[in-house]
Protein chains: 2
Amino acid sequence: MRPGKAVTMMDVAREAGVSRAAVSKVIRDAYGVSPDMRKRVESAIERLGYRPSVAARAIRGSSFTIGFELHEIENPALSRILRGAAEGIEGTGYRLVIAPGDPEGQHAIDALVDLRVDGLVAIAPRATPAWLENLASRIPLVLVSRHDPSVNYDTVAGGDDEGARLVMRHLFDLGHRSIAHLTRSEEATAQEGGALAVRLGAYLDEMARNGRESRIQVLRTLSTSDAYHATVGLLDSADPPTALFASHDDLAFEVLRAVRERGLDASDLSVVGYDNVRFASHPGLSLTTVDQSGDDLGRRAVRLLLERINGRTAAKHEETELRLVVRGSTAPPRR
Amino acid sequence: MRPGKAVTMMDVAREAGVSRAAVSKVIRDAYGVSPDMRKRVESAIERLGYRPSVAARAIRGSSFTIGFELHEIENPALSRILRGAAEGIEGTGYRLVIAPGDPEGQHAIDALVDLRVDGLVAIAPRATPAWLENLASRIPLVLVSRHDPSVNYDTVAGGDDEGARLVMRHLFDLGHRSIAHLTRSEEATAQEGGALAVRLGAYLDEMARNGRESRIQVLRTLSTSDAYHATVGLLDSADPPTALFASHDDLAFEVLRAVRERGLDASDLSVVGYDNVRFASHPGLSLTTVDQSGDDLGRRAVRLLLERINGRTAAKHEETELRLVVRGSTAPPRR
DNA sequence: CGCCACTTGTAGATCGATCTACACATGGCG
DNA sequence: CGCCATGTGTAGATCGATCTACAAGTGGCG
């Protein structure tokens, strides 16, 4: 029974004793259907278990499917955004498919475009604005966690500049004067509008404003496990900082791992993350962090995209609410 | 430029001065293409940036896409399986799309079937074997973390019975005599072949074998945050158990949350999880758990599915390696 | 009674690919 | 020189839907 046993519109038409066009009209809820015909067609659909082929639809017009590009499957901050998107799409008649991919997002985005989705939500922290503009000229596009001032695609992001400054001020207020910043690779912060680039910029600026240029120290890691080793190296250095601002929670947790393993605490090295993922509130971790309402980010992205699919062309750039959540991983420095 | 500006095979054919069929042959690497024609077509493809439409392909035959049904986006154990699947598909010429869905998996699976993917990897802990058999008769299907003895679909799972017994023996060896089990809702353990059902069964059996029927205590939660409240209730009860076996790490972490908030430790209530997600090894959590190689689960599922797509019809049922990882969340009971 | 408007349903083109069947060259060989 | 095998390319049907154009039927109204 394996070989292509799918029920088609033709089968339904035969079963109901009407034409294909009639069936099409019924399922699209189009004009020109008598109550009688509707009933017969609907019962035939029911009986045969017919389901319209998205592929066949896509080839003619809309697939009623939107794509979500996700480059880090295991990053809980991204999962939170994704959950918001999934919630946001409910009841809209559209469905969501996710393509896992590389950090550039290229491969995943291509896969979704090839599927002929009606629109795209992407994170793609390493894609260049030029490439995205080009993409946006061919398909409705919304970017999450980027601040590009594009006219062709929308963006939704947290106020990363403000968030990072909240973090820095919190640390300065506690009395820290030597604060390091832990972020991703050079490429990850290369795009001016990227969230990590903005956070890095705010860190550098706040250090300068407070006259601490000489203590600026930026660490970079490729993977999360790298973050652990980088911290170990930092703690072993001659004159370690008293606080560390990690550009997102997943990195911060690895920093905490190193700190705890040494038997140290927040007075030795205060740690701040970003995103307020679920684990941050766990008493075993208790991470001070910034909540940028990741789920709201996803929900809004979907809403903006649907607006665009339905004809809006003027770009919108939104920001979500921010909130510094102070927990046990930060404290005044011991000295 | 927005309106359907996609480059089609026809455009490429025109550009290269050949027929559509010729272009098709080149991209499918089919027989009957002269080196000269190949070159011209390839350069035309390059010049126009042509990408074949998966939708159009799917309608005729294969989409070279496989679907992954994921009902809990934020569950790190599932993310781990997903990562394995994503790794396993690399270099195979297929691509992976994920559909987020409800616990029944119905909606997500339907969405993937409607997309006309070539095969399906599903977790669907609450689907009935009958429904899955029916599904498997229409599309190649592999189930993860289920032990159904189906002849129409494959399964890959950890040895859940053995794993749960490892946990129980570890707790008995430490001296625990009153052990509770925390699992999901009734529906989640209703399917006989489901991983949670098997773990529950092993718990009940081990309690009985050790003559502790009277201390059997099964708690159920709907959400992860529920697990926290359930634990609080348990700790407040008249004669609380000295150990708790949670059916997966995410629940265990919430149990630990309650334990830690009370200032209690492993001697008061030992906690064991299942899955060995990344956070389990964090010193702030340090959870004893069972590692069932979640990434391997995903990798194997993909491999089995591709075998099936390529013609295998005899069902295979595989199990992954198991390993009990003892950490700080378990200790001998205080009394 | 005849014309028009409206309702209800169908035929057939179309979307972008795949794939079978065939046409046309070319050249080897008896 | 004629026949056939081989190599190269194309025409056209096909997949499952959408959607325009139109045919047939019904009833209102002057």
Side-chain angles (χ1 to χ4, degrees), chain A residues 3-42 44-45 48-65 93 95 113-118 138-139, chain B residues 3-42 44-45 48-65 93 95 113-118 138-139:
Chain A
K5 197 62 186 61
V7 174
T8 80
M9 188 175 237
M10 190 61 209
D11 299 327
V12 175
R14 217 177 344 245
E15 173 83 10
V18 297
S19 70
R20 286 165 18 248
V23 178
S24 177
K25 279 199 201 176
V26 169
I27 64 179
R28 281 177 300 130
D29 214 16
Y31 175 83
V33 183
S34 67
D36 176 61
M37 180 170 95
R38 145 156 285 122
K39 204 174 306 166
R40 277 190 313 175
V41 169
E42 277 171 351
I45 287 178
L48 299 179
Y50 166 73
R51 299 193 57 93
S53 156
V54 171
R57 277 185 168 167
I59 207 181
R60 278 283 318 207
S62 310
S63 59
F64 299 103
T65 303
R95 38 187 42 152
V113 170
D114 293 350
L115 268 175
R116 297 297 186 265
V117 295
D118 292 345
R138 286 175 294 132
I139 188 172
Chain B
K5 196 61 185 63
V7 174
T8 80
M9 189 175 238
M10 190 59 209
D11 300 326
V12 175
R14 217 178 343 247
E15 173 83 10
V18 298
S19 70
R20 283 163 23 248
V23 178
S24 177
K25 279 198 201 177
V26 169
I27 65 180
R28 282 177 299 128
D29 215 12
Y31 175 84
V33 183
S34 66
D36 176 63
M37 182 171 95
R38 148 154 282 125
K39 204 172 306 165
R40 275 190 316 178
V41 169
E42 278 172 350
I45 288 177
L48 299 178
Y50 166 74
R51 298 193 57 91
S53 156
V54 172
R57 278 185 167 166
I59 207 181
R60 277 282 320 206
S62 311
S63 59
F64 299 104
T65 303
R95 36 186 44 150
V113 169
D114 293 350
L115 268 175
R116 299 293 187 268
V117 294
D118 293 344
R138 287 175 294 131
I139 187 172

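Lettering follows sequence order; numbering is per chain, from 1.
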Query raised in the report: Using a cut-off of 4.0 Å on non-hydrogen atoms, how would the nucleic acid contact of A:Y50 be classed: base, sugar-phosphate, or nothing?
Result: sugar-phosphate

Query raised in the report: For the side chain of A:T8, counting heavy atoms from C-beta on, which of D:dA17, D:dT10, C:dT8 is nearest?
Result: D:dA17

**Report entry** Nearest-nucleotide pick for A:K25, side chain only, options being C:dC19, C:dG9, D:dA17
**Finding:** C:dG9

Query raised in the report: The side chain of B:M9 lies closest to which of these nucleotides: D:dA17, C:dT10, C:dA17?
Result: C:dA17

Report task. Check whether the side chains of B:R20 and B:S24 place a donor and an acceptor atom closer than 3.5 Å, and report yes or no. Result -> no

Query - Contact under 4.0 Å: B:S53 side-chain N or O vs C:dG16 OP1/OP2 - result: no

Query raised in the report: What's the CG-P distance between B:D29 and C:dC19, to the nearest Å?
Result: 13 Å

Query - A:E15 side chain near A:D11 side chain, heavy-atom distance below 4.5 Å - result: no

Query raised in the report: Between D:dT18, D:dG16, C:dA17, which one does the side chain of B:R20 approach most closely?
Result: C:dA17

Query raised in the report: Starting at CG of B:L115 and ending at P of D:dA17, how long is that distance when rounded to a whole Å?
Result: 13 Å

Report task. Would you mind reading off the distance between A:M10 atom CE and D:dT18 atom C1', rounded to a whole angstrom? Result -> 16 Å

Query raised in the report: What's the CG-C1' distance between B:D114 and D:dA17, to the nearest Å?
Result: 13 Å

Query raised in the report: How would you label the contact of A:V23 with the nucleic acid (heavy atoms, under 4.0 Å): base, sugar-phosphate, or nothing?
Result: nothing

**Report entry** OG-CE distance between A:S19 and A:M10, expressed to the nearest 0.5 angstrom
**Finding:** 9.0 Å

Query raised in the report: Between B:R57 and C:dT18, does any side-chain N or O lie under 4.0 Å from OP1 or OP2?
Result: yes

Query raised in the report: Between B:K39 and B:D36, is there a side-chain N and carboxylate O pair less than 4.0 Å apart?
Result: no

Requested in this report: For the side chain of B:P52, starting at C-beta, report the closest nucleotide among D:dT10, D:dG16, C:dA17.
Outcome: C:dA17

Report summary line: Closest to the 5' end of DNA chain D, once B:I59 and B:V33 are matched to their nearest nucleotides, is B:V33

Query raised in the report: Rounded to the nearest 0.5 Å, what separation is found between the CZ atom of A:R38 and the CD1 atom of A:I45?
Result: 9.5 Å

Report task. Write down the distance between CZ (B:R60) and C1' (D:dC15), rounded to a whole number of angstrom. Result -> 6 Å

Query - A:A21 side-chain proximity, nearest of C:dG12, C:dG9, D:dT10 - result: C:dG12

Query raised in the report: Rounded to the nearest Å, what distance is computed from the CG atom of residue A:D11 to the C1' atom of nucleotide D:dG16?
Result: 10 Å

**Report entry** B:S34 vs D:dT8: side-chain N/O to OP1/OP2 distance below 4.0 Å
**Finding:** no

Report task. Measure the spacing between CG of A:L115 and CZ of B:R95 and express it to the nearest 0.5 Å. Result -> 7.5 Å

Report task. Check whether any side-chain nitrogen or oxygen of B:S24 sits under 4.0 Å from OP1 or OP2 of C:dA17, and answer yes or no. Result -> no

Requested in this report: Quickly work out the A:I27 CD1 to D:dA17 P distance and round it to whole Å.
Outcome: 7 Å

Query raised in the report: Quick one: is C:dC19 close enough that its OP1 or OP2 comes under 4.0 Å of any side-chain N or O from B:R28?
Result: yes

Query raised in the report: Whole Å only: how far is the CZ atom of A:R116 from the P atom of C:dT14?
Result: 20 Å

